[in-house]
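Below is one structure, written out as C-alpha cells; the observations come after it.
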Amino acid sequence: TPDTTFSNDGTAVFDLAGNDDDALAHHVLEDGHILIVGESRQGEKDNTFILKASSTGELDLSFGSGFGSVVHDFSLEEDDAAISVNVDAKGRIYILGWAQSNVSESEYYYLARFLSDGTLDTSYGDGDGWVDLTTLTDESVFRPSHDLFVAEDGTAWPGLSGTQLKGGWRNQFFSLTPEGHLDRSFADNGLMTYISPQSPDVDAYIKAFTIVGQNLYAVETLSSEDADDARSNILSFDLTTGKLDRHFGINGNLNAAANVQIILGDNSGMVFAMDSASPLSENVTVIDIHTNPSTISAFIETDERYEG
C-alpha cells in the first residue's frame, strides 16, 4: 500500500532542470531525510548531482543554497556521475563516482566530500574536495564496487574490483583517512589486494561489501563462459592485517549461494546476504551468517519485500 504521508501518494518526482535525471544511489539519514545521487543531463553532458528530500517527500531547501539539490561538474567537457553515497557522524556527505577524462578520454573514479549543506568540502583531499582513486592504484583498467563504507570519524573505504591480470582477477580496497589521503599504514601501503584462487579460469570481482567491527565482508561473484549462472562467495578480511580472516568459513571463504547481490552488517556482528530474484513473484533467499563461529544459522526463502 502506498504511504500517503510521503508526497501525498507515496511517490515523489524531482526535476533538476536538466534534460534527463537518473538516480543511481540513495542513503536514508537517521532523521528520515533521504540523500539521492546520480547523473543529470546539463546541456551536452552528464554531471553529478546530490538531492536531499525530507521524510515526507519534499525537497529540503536548507540544502544546496535553497534549491534542495547540488549539481557538480567533475569533468569540464566530459560526462560524470555519482554511483554511491554515504555519510559520517558529522553529516558530511561522501560521493563515489566516475568521470570521463578531458585529456585521455579514459574513465577515472573519484571520492568526493560535501558538507551537510551541500557545499564541496575543500579541506578534503589535496584542497579541491575530492580524490582521484585512479592515481592510488597501479591498475590501468578497473571498475568500482558500487558500495562505499564510511566510518563515523570519516575514514572511507571505496573498493575497486574486476581487474584482469595474467595471474587472475585482482580486487583492491582502499583505506582513506578522514582528511582524504591514502592511509599507508593499512595493509600493503594503503591497499588491501585479493586475487581469487579460482581465477584466471573464471571472472572474479567484488559485487558488494560491508564492514562489521574489525572485519570487511565482501561478496565475490564468479562467472565464466562455460557456466550458465554466476555464483558467489562471502569473503572475510581482517582489517588489522589486511588479509583473509582464516577463522571465517573455510580459510576466509564461505560458499553462500548463487548470485548474491546484497550484504549488510550490524553491531551484533551478524552478516546477512540475499540472493536476488528477477520476477517479483519468485522468493528471495535470505542467509543469516554468524561471524563467530562462521556457521549458517538460517537458510530460508521468503516472499516478503524489504525497503532499501
Side-chain angles (χ1 to χ4, degrees), residues 1-42 46-74 80-97 111-121 124 129-130 146-154 156 208 210-211 261-268 270 272 274 276-277 280-281 284 286 302-308:
T1 304
D3 181 0
T4 55
T5 66
F6 185 81
S7 192
N8 296 322
D9 60 0
T11 302
V13 178
F14 305 105
D15 187 355
L16 300 180
N19 294 326
D20 292 294
D21 304 319
D22 294 319
L24 301 178
H26 76 282
H27 182 83
V28 180
L29 303 175
E30 290 185 357
D31 62 2
H33 281 62
I34 308 166
L35 292 171
I36 303 170
V37 301
E39 58 187 6
S40 178
R41 193 72 177 176
Q42 303 287 315
D46 292 332
N47 288 341
T48 296
F49 80 82
I50 313 172
L51 180 147
K52 188 176 182 180
S54 69
S55 59
T56 57
E58 300 173 341
L59 280 175
D60 182 352
L61 300 183
S62 68
F63 184 80
S65 301
F67 293 98
S69 63
V70 173
V71 177
H72 192 82
D73 191 353
F74 285 98
D80 57 271
I83 57 176
S84 190
V85 57
N86 211 325
V87 298
D88 64 15
K90 294 182 179 180
R92 295 175 298 191
I93 303 165
Y94 296 75
I95 303 295
L96 175 64
L111 179 65
R113 186 167 78 187
F114 292 78
L115 301 178
S116 59
D117 64 358
T119 305
L120 186 67
D121 184 359
Y124 194 68
W130 61 283
H146 284 212
D147 281 2
L148 169 65
F149 186 89
V150 177
E152 291 186 355
D153 67 352
T210 189
I211 295 177
Q261 297 288 332
I262 302 171
I263 186 166
L264 303 171
D266 63 24
N267 292 332
S268 67
M270 303 294 292
F272 304 91
M274 283 191 292
S276 68
L280 289 178
S281 59
V284 176
V286 179
T302 176
D303 59 2
E304 293 187 33
R305 305 296 165 206
Y306 295 89
E307 291 299 324

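Because the structure is a prediction, the values reported are computed rather than measured. All heavy atoms count here, side chains included; hydrogens, waters and symmetry mates do not.
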For residues I95 and N86, determine if any side-chain heavy atom of one lies less than 4.5 Å from a side-chain heavy atom of the other.
no
Under a 3.5 Å distance rule, please check whether D88 uses its side chain to pair with a backbone N or O of D153 as donor and acceptor.
no
Is there a side chain to side chain contact (heavy atoms under 4.5 Å, CB included) between L111 and L148 once you walk through the steps?
CA-CA 9 Å; L111 179 65; L148 169 65; 3.8 Å; yes
D73: partners by salt bridge (charged side-chain N to carboxylate O under 4.0 Å, His left out), with sequence neighbours left out
K45
Could you report the tightest heavy-atom contact between S55 and F6, atom names first, then the distance?
O-CD1, 3.3 Å
Mind checking whether V87 and V150 have side chains closer than 4.5 Å, heavy atoms only?
no
Tell me, do L16 and F49 make a side-chain contact under 4.5 Å, heavy atoms counted?
yes
For the residue pair L120 and H72, establish whether any side-chain heavy-atom pair is separated by less than 4.5 Å.
yes
Rounded distance [0.5 Å steps], CG in D80 versus CD in Q42
10.5 Å
Donor-acceptor pair, S54 side chain versus E58 backbone, under 3.5 Å?
yes
Can you tell me how far apart NE2 (H33) and CD1 (I36) are? Round to the nearest 0.5 Å.
12.0 Å
Using side-chain heavy atoms (C-beta onward) and a distance below 4.5 Å, is K52 in contact with I34?
no
Can you name the side-chain hydrogen bond (donor to acceptor under 3.5 Å, both in side chains) partners of S62, sequence neighbours left out?
D60
Between the side chains of R113 and D121, is the shortest nitrogen-to-carboxylate-oxygen separation below 4.0 Å, so that they form an ion pair?
yes
Is there a side-chain contact between I93 and L115 in this structure, where contact means two heavy atoms from C-beta onward sitting under 4.5 Å apart?
no
To the closest 0.5 Å, what do you measure between CZ (F67) and CG (L61)?
10.0 Å
My understanding is that only residues two or more places apart in sequence, or in another chain, count here; which of them pass ring-ring contact (aromatic ring centres under 6.0 Å, His included) with Y124?
Y94
Give me the one residue out of D46, N47, D21, D20 that meets side-chain hydrogen bond (donor to acceptor under 3.5 Å, both in side chains) with R41.
D46
Atom of P2, atom of G10 and distance for their closest heavy-atom approach
CB-CA, 4.5 Å
Donor-acceptor side-chain pairing of T5 and D3 below 3.5 angstrom
yes
Quick one: CD1 on I50 to OG on S69, what's the gap to the nearest 0.5 Å?
9.5 Å
Looking only at heavy atoms, what is the nearest atom pair of R92 and G154, with distance?
NH2-CA, 4.4 Å
Is any side-chain heavy atom of V37 closer than 4.5 Å to a side-chain heavy atom of L24?
no
Shortest non-hydrogen contact from A12 to S7?
CA-OG, 3.7 Å
Taking the side chain as every heavy atom from C-beta outward, state whether F63 and V70 have any pair of such atoms under 4.5 Å apart.
yes
Test side chain to side chain donor-acceptor pair (under 3.5 Å) on T119 and D117 and set out the steps.
CA-CA 6 Å; T119 305; D117 64 358; 3.0 Å; yes
